[in-house]
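The structure appears right after this line, and notes come after that.
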Amino acid sequence: MGRQVVGTLHADTVRRLRDGMARGVLSFPLTSFHDDGTLDPEGFRAHVAAQVATGPGAVFPACGTGEFFSLDEDEYRQVVTVAVEAAGGRVPVVAGVGYGWAQAARFARIAEEAGADALLVLPHYLVAAPQDGLVAQLEQLAARTSLPLIAYQRGQVSFGVAAFRRITSIPGVIGLKDGHSDLDRLQRLTLAAPEDFLFFNGAATAEIQARAYATVGVPAYSSAVHAFAPEIADAFFTALRDGDDGTVEKLLRDFYVPLVELRDRVPGYAVSLVKAAARLRGRPVGPVRAPLTDPTAAELAELRQLLTTGLDLVGAAL
């Protein structure tokens, strides 16, 4: 019954996402703030419009890269509304929701009213939970929204095969984003999945592991690099799709691996460096909000050199 509900109610969303995943990377736009930390809706509108113009497979506003955890409900409404307007129906818009299921349901209602196509269910807050509880979390949320759900396993959320089979039968659950990079377990999940179920590589700086994920049937991935250098992200995606191993390895060696090494120096730099790189390119995204911190002047200089190198590899300029 669950798969029939997905097939009838959400078939168009699944089709659009699947088509988009085959065409390009998944865009996770940065939420724009003014220097004083207040929301900058028009800066965000310009940023999303620029992202959509490059042809990503889908846009995921107010997720981890978009600092969902720092937004109040009114700000969240503005972010999702602007993303939907800027996308203009050209690509699916998948909004992030999170915390416990009760709070996630409040965000889900807002996203639905704003016109989002689907929801990415971010890991719940703070506590570890057994498999039955992880399933119940999705059941409770699915019962309170008409939007399709993509579960995100990362941090304290990790599904075993038995629990995964249960969540695929929940009406409205259409996919799983994986951030654990446990390819043994992920292969077991892909083999246990219904035919129409969607999978996404959600590893940090997903390009590093994109080839490995593809070997277990998960070629689609989110790209934080797309938020500041779509030229690099798209060149990597094209090379990976076309089997151009030389280009893939050159970009990994000279750009992605050094970026990850810089990212790993400070907690939270998976977002902070992305925002800083976008600012280096003149994008109106502003600073990060606490508890994240912006890079130092020395780190910005290093990032600028790395970005220049990456853009030069694909024939683009800072």
Side-chain angles (χ1 to χ4, degrees), residues 17 19-31 46-61 63-66 83 86-87 90-94 120 177-179 181 200-214 218-263 269-283 285 303-318:
L17 283 168
D19 290 348
M21 289 155 53
R23 185 179 64 248
V25 301
L26 305 174
S27 168
F28 282 67
L30 300 154
T31 299
H47 174 55
V48 175
Q51 290 280 286
V52 171
T54 65
V59 171
F60 288 66
C63 294
T65 306
R90 288 172 288 176
V91 296
V93 175
V94 183
L120 178 65
K177 182 180 181 185
D178 175 74
S181 303
F200 308 84
N201 167 3
T205 314
E207 286 90 344
I208 292 288
Q209 300 186 64
R211 287 192 293 191
Y213 268 83
V218 185
Y221 60 89
S222 57
S223 176
V225 169
H226 190 272
F228 63 85
E231 305 96 326
I232 299 173
D234 291 345
F236 184 91
F237 177 88
T238 300
L240 185 65
R241 181 193 61 194
D242 296 347
D244 181 357
D245 289 337
T247 298
V248 167
E249 289 168 11
K250 181 67 171 174
L251 286 168
L252 286 173
R253 184 182 304 109
D254 295 343
F255 175 73
Y256 283 101
V257 169
L259 178 66
V260 167
E261 290 173 348
L262 180 58
R263 179 202 73 194
Y269 268 23
V271 176
S272 300
L273 285 181
V274 174
K275 263 201 162 175
R279 292 195 302 273
L280 287 173
R281 303 202 72 195
R283 308 296 191 257
V285 298
L303 180 62
R304 178 185 289 274
Q305 181 56 56
L306 179 57
L307 181 54
T308 300
T309 298
L311 290 168
D312 184 62
L313 288 172
V314 300
L318 185 61

- Report yes if the side chains of Ile232 and His226 come closer than 4.5 Å at any heavy-atom pair, otherwise no. no
- Item | Cys63 SG to Phe28 CZ distance, which is reported to the nearest 0.5 Å | 5.0 Å
- Query: Side-chain contact, heavy-atom cut-off 4.5 Å: Val218 with Phe200?
  - Reply: no
- Query: Once you round to the nearest 0.5 Å, how far does NZ of Lys250 lie from CG of Asp244?
  - Reply: 13.0 Å
- Under 3.5 Å donor-acceptor, Arg281 side chain and Phe228 backbone: yes
- Item | Distance in Å, Leu311 CG paired with Leu318 CG, rounded so as to fall on 0.5 Å steps | 6.5 Å
- Query: Which atom names give the shortest non-hydrogen contact between Met21 and Ala220, and what distance separates them?
  - Reply: CE-CB, 3.5 Å
- Message: Quick check: closest heavy atoms across Ser222 and Gly202, and the distance to 0.1 Å?
- Response: OG-CA, 3.9 Å
- Query: Any side-chain heavy atom of Asp178 sitting closer than 4.5 Å to one from Tyr213?
  - Reply: yes
- Any side-chain heavy-atom pair from Leu259 and Leu303 closer than 4.5 angstrom? yes
- Query: Do Pro29 and Val59 have side-chain heavy atoms sitting under 4.5 Å apart?
  - Reply: yes
- Task: Would you please test Asp245 and Leu240 for side chain to side chain contact (heavy atoms under 4.5 Å, CB included) and show each step?
- Result: CA-CA 7 Å; Asp245 289 337; Leu240 185 65; over 6 Å; no
- Task: Indicate the atoms forming the closest heavy-atom contact of Gly64 with Val271, along with that distance.
- Result: O-CG2, 3.7 Å
- Measure the shortest side-chain to side-chain distance between Pro56 and Thr54 over non-hydrogen atoms and say whether it is less than 4.5 angstrom. yes
- Looking only at heavy atoms, which two atoms of Val93 and Ala87 are closest? And how far apart? CG2-CB, 3.6 Å
- Query: Hey, is the main chain of Ala277 close enough, under 3.5 Å, to the side chain of Arg279 for a donor-acceptor pair?
  - Reply: no
- Closest approach of Gly57 to Pro92 (non-hydrogen atoms, all atoms of both residues): O-CD, 3.5 Å
- Message: Would you compute the distance between atom CG of Asn201 and atom CZ of Arg211 and round it to the nearest 0.5 angstrom?
- Response: 13.5 Å
- Identify the heavy atoms of Gln209 and Ala203 that sit nearest to each other, and give their distance. NE2-CB, 3.7 Å
- Rounded to the nearest 0.5 angstrom, the CG-CG distance for Leu273 and Leu307 is 11.0 Å
- Query: Taking Thr205 for the side chain and Ile208 for the main chain, is one N or O donor matched with an acceptor at less than 3.5 Å?
  - Reply: no
- Going by heavy atoms in the side chains, are Tyr221 and Glu207 under 4.5 Å from each other? yes
- Message: Quick check: do Val314 and Thr247 have side-chain heavy atoms less than 4.5 Å from each other?
- Response: no
- Rounded to the nearest 0.5 Å, how far apart are CD of Gln51 and CG of Leu30? 7.5 Å
- Item | Centroid-centroid under 6.0 Å between Phe236 and Tyr256 rings | yes
